[in-house]
Amino acid sequence: MPKYDAIIIGGGHNGLVTAAYLARAGRKVLVLERRELLGGCAVTESIWPGYRVSTGAYLTSLMQERIVRELELERFGYQVDAKDPAFFSAFPDGRHFFMWQDRGKTLAEIAKFSRHDAEVYPAYEDQLERLSQVVEGLLLTTPPRFPPAGLGDFIDYLRLAGRMRGLSAKEMVALVKIFTQSAAEFLDEWFESEQVKVTLATDGVIGANGGPRSPGTAYILLHHCMGGVAGHRGLWGFVRGGMGAVPEAIAASARAAGAAIRTEAPVARVLVRGGRAWAVVLESGEEIEGGAIASNLDPKITFLRLVEERHLDPEFVAAIRHFRIEGTSCKINLALSGLPEFTAYPGAPGPHHRATMHICPTIEYVERAWDDAKYGRPSERPLLELTVPTMYDPSLAPPGKHIMGIFLQYAPYTLRDGTWDELREPFGDRVIALIEEYAPNIRRIVEARQVLTPLDLERRFGITGGNIFHGEMSLDQMFVMRPVAGWARYRTPVEGLYLCGSGAHPGGGVMGAPGYNCAREMLKRGRV
């Protein structure tokens with residue numbers, strides 16, 4: 001039986017980050033990926049001849065600069081083009097709204113809708129910057145033990161509190177609010193323009209099981225404001241070569257450090273002996289021994305499928321069963337013969353095609369879309385985010401052609417009536433009809449279409465419930481509570497088994513932080 005110092009189950013970007021750091025520390029590492037390509041949800045796939053499509057994740061910002069630097073990802077091909085403009089919103093009355101990298105240009109756009117909002121926007125942006133700095137400082141931090149069990153644990157909490165010292169009293173209040181309020185409540189305290197508020201509120205509901213008026217969505221908004229591109233905080237960008245270039249660069253860095261990586265090698269079980277994980281069994285029956293094992297899979301797959309229940313405490317199993325993980329997001333990918341022509345901003349190509357283009361005219365519109373989903377119905381009129389990566393990287397499509405990604409809320413995993421296999425294409429038709437109201441030529445330019453419902457996301461990428469974050473990012477499932485209380489420090493109840501994916505702190509997004517933190521804990525323990 002082959003033996004490694006560490007085995008990583010799942011070749012998503014977090015698993016690869018863990019592998020790269022362990023390999024750079026001199027450990028003998030093996031990564032096992034079930035699919036034929038690496039990356040999990042961050043992949044580039046040739047689903048149509050001549051097109052290379054980011055079928056799942058489609059933008060980057062949260063990838064930690066420390067990881068990019070230390071793993072030398074740019075040397076291995078990682079390159080990002082920052083979006084500019086950042087956002088474009090089209091409205092039914094024919095008006096439009098841009099947000100740019102240049103604050104002055106953004107303020108001029110905001111002033112079209114509200115002079116008051118233009119005046120307060122710099123203070124809003126500066127406050128988010130300060131809060132982001134505090135919270136972002138926790139991303140590459142192992143959560144303290146909860147509940148605390150001794151003096152050392154209380155000291156960890158004091159160190160955590162020390163990070164808040166630079167905040168003013170007003171900012172401390174804002175931090176509490178952003179963890180507890182809805183995105184709508186948070187934005188209502190700043191702005192009066194519906195157009196400005198809904199454009200900003202989209203970041204609060206992307207990937208979330210909740211509408212803009214649901215408590216906790218203000219934090220999701222902040223989560224999407226962290227990170228940056230090329231040192232510019234808050235910017236999002238397109239990865240050259242598609243999102244698959246992210247795991248490819250991390251994998252190249254890991255291989256350069258000596259890590260072995262196998263694709264088409266699905267793991268069926270983690271073997272436990274004497275309370276310790278000591279090997280994995282592939283679906284082929286092959287057994288591989290590891291001094292330590294880290295799972296990049298979500299908590300439900302890890303503990304309810306890979307590990308036999310008899311090796312786990314019943315209370316822990318019950319907590320994992322109650323971990324909320326169903327998703328409400330859908331991804332539609334289009335091959336286009338041209339670009340959509342918006343009535344609110346005629347002309348193609350135009351600056352709006354380089355932005356994230358929103359179709360969601362009001363907060364109430366988005367809330368009603370959520371109302372459908374929470375009762376098990378796909379949204380009649382969903383929130384749509386449209387992106388055209390070929391505006392930055394034409395090599396992704398044949399000459400003169402384009403790719404459009406549509407990320408939308410809401411499409412509930414569990415349906416009240418029917419199945420997603422029955423409703424998939426009718427739902428896709430509904431989305432095209434909605435875009436057509438704003439861009440009348442869309443139907444004529446669509447050459448091919450792929451609709452990925454939450455069920456398809458689960459099947460294709462191996463994420464339970466199709467949840468892009470490996471579990472809801474609500475206050476009771478974050479930080480010291482992720483995935484469950486008492487087990488937020490990457491170690492698990494099975495000695496030698498670790499969790500390195502987005503189901504661990506700090507959660508979802510292509511950031512690499514869970515993988516980095518897990519590798520550090522594995523090395524600190526001295527068991528790998």
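Reckoned from all heavy atoms, side chains included, excluding hydrogens, waters and symmetry mates.
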Worksheet entry | Trace of the side-chain hydrogen bond (donor to acceptor under 3.5 Å, both in side chains) decision for Y58 with E385 | CA-CA 11 Å; Y58 56 105; E385 281 200 352; 3.0 Å; yes

Discussion item. Among R520, R491, R489, which residue satisfies the side chain to side chain donor-acceptor pair (under 3.5 Å) criterion with T142?
Written reply: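 For T142, the side chain to side chain donor-acceptor pair (under 3.5 Å) check succeeds only for R520.
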
In terms of side-chain heavy atoms, does [X] have a donor or acceptor partner in [Y] at a distance below 3.5 Å?
X    : Y    : answer
R52  : S395 : yes
Y413 : E458 : yes
T328 : N209 : yes
D476 : S474 : yes

Taking C-beta and beyond as the side chain, do [X] and [Y] meet within less than 4.5 Å on heavy atoms?
X    : Y    : answer
F316 : V484 : yes
I206 : I220 : no
L71  : Y21  : yes
T60  : H13  : no
P378 : W420 : yes
R449 : V431 : no
L396 : P389 : yes
F186 : I178 : yes

Under 3.5 Å: donor-acceptor pair, side chain of [X], backbone of [Y]:
X    : Y    : answer
K331 : V451 : no
S502 : H470 : no
R482 : G471 : yes
W236 : L62  : no
T217 : A183 : yes
T390 : I403 : yes
Q477 : R324 : yes
S214 : G211 : yes
K374 : G210 : no
N333 : T55  : yes

Looking only at heavy atoms, what is the nearest atom pair of [X] and [Y], with distance?
X    : Y    : value
D298 : G462 : OD2-O, 3.9 Å
I293 : A277 : CD1-CB, 4.0 Å
R24  : S253 : NH1-OG, 3.9 Å
T44  : S54  : OG1-OG, 4.4 Å
C41  : I463 : SG-CD1, 3.7 Å
V29  : Y4   : C-CD2, 3.9 Å

Discussion item. Please verify the inter-ring angle class for H505 with Y490; under 30° counts as parallel, over 60° as perpendicular, anything in between as tilted.
Written reply: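 Tilted: the ring planes of H505 and Y490 meet at 30° to 60°.
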
Item to complete: Please work out which of the three classes, parallel, tilted or perpendicular, describes the rings of W48 and Y51, given edges at 30° and 60°.
Response: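 The rings of Y51 and W48 stand perpendicular, inter-plane angle above 60°.
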
Could you give the distance from [atom1] ([X]) to [atom2] ([Y]), rounded to the nearest 0.5 Å?
X    : Y    : atom1 : atom2 : result
L499 : N517 : CG    : CG    : 12.0 Å
T302 : L297 : OG1   : CG    : 5.0 Å
L222 : S132 : CG    : OG    : 4.5 Å
F407 : L452 : CZ    : CG    : 11.0 Å
I301 : N296 : CD1   : CG    : 10.5 Å
L334 : I332 : CG    : CD1   : 7.0 Å

If you count every heavy atom of other residues, nucleotides or ligands that lies below 6.0 Å from [X] atom [atom1], does the total exceed 12?
X    : atom1 : value
E72  : CD    : yes
E74  : CD    : no
R269 : CZ    : no
E425 : CD    : yes

Practice prompt. Start with the C-alpha distance between L523 and R27, add both sets of side-chain angles, then the distance that settles side-chain contact (heavy atoms from CB on, under 4.5 Å), and finish with yes or no.
Written response: CA-CA 9 Å; L523 292 168; R27 305 308 192 265; 3.7 Å; yes

Practice prompt. Just do the side-chain contact (heavy atoms from CB on, under 4.5 Å) check on L175 and V135 with the steps written out, would you?
Written response: CA-CA 9 Å; L175 189 62; V135 177; 3.9 Å; yes

Practice prompt. State whether R34 and E283 are salt-bridged, where the test is any N-O pair (Lys NZ or Arg NE/NH1/NH2 against Asp/Glu carboxylate O) under 4.0 Å.
Written response: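 No, no charged N to carboxylate O under 4.0 Å.
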
Practice prompt. Go through the steps for I261 and E33 under the test side-chain contact (heavy atoms from CB on, under 4.5 Å), then give the verdict.
Written response: CA-CA 8 Å; I261 300 174; E33 166 56 41; 5.8 Å; no

Item to complete: Quick one: do V246 and Y78 satisfy side-chain contact (heavy atoms from CB on, under 4.5 Å)? Show the steps, please.
Response: CA-CA 6 Å; V246 178; Y78 177 73; 3.8 Å; yes

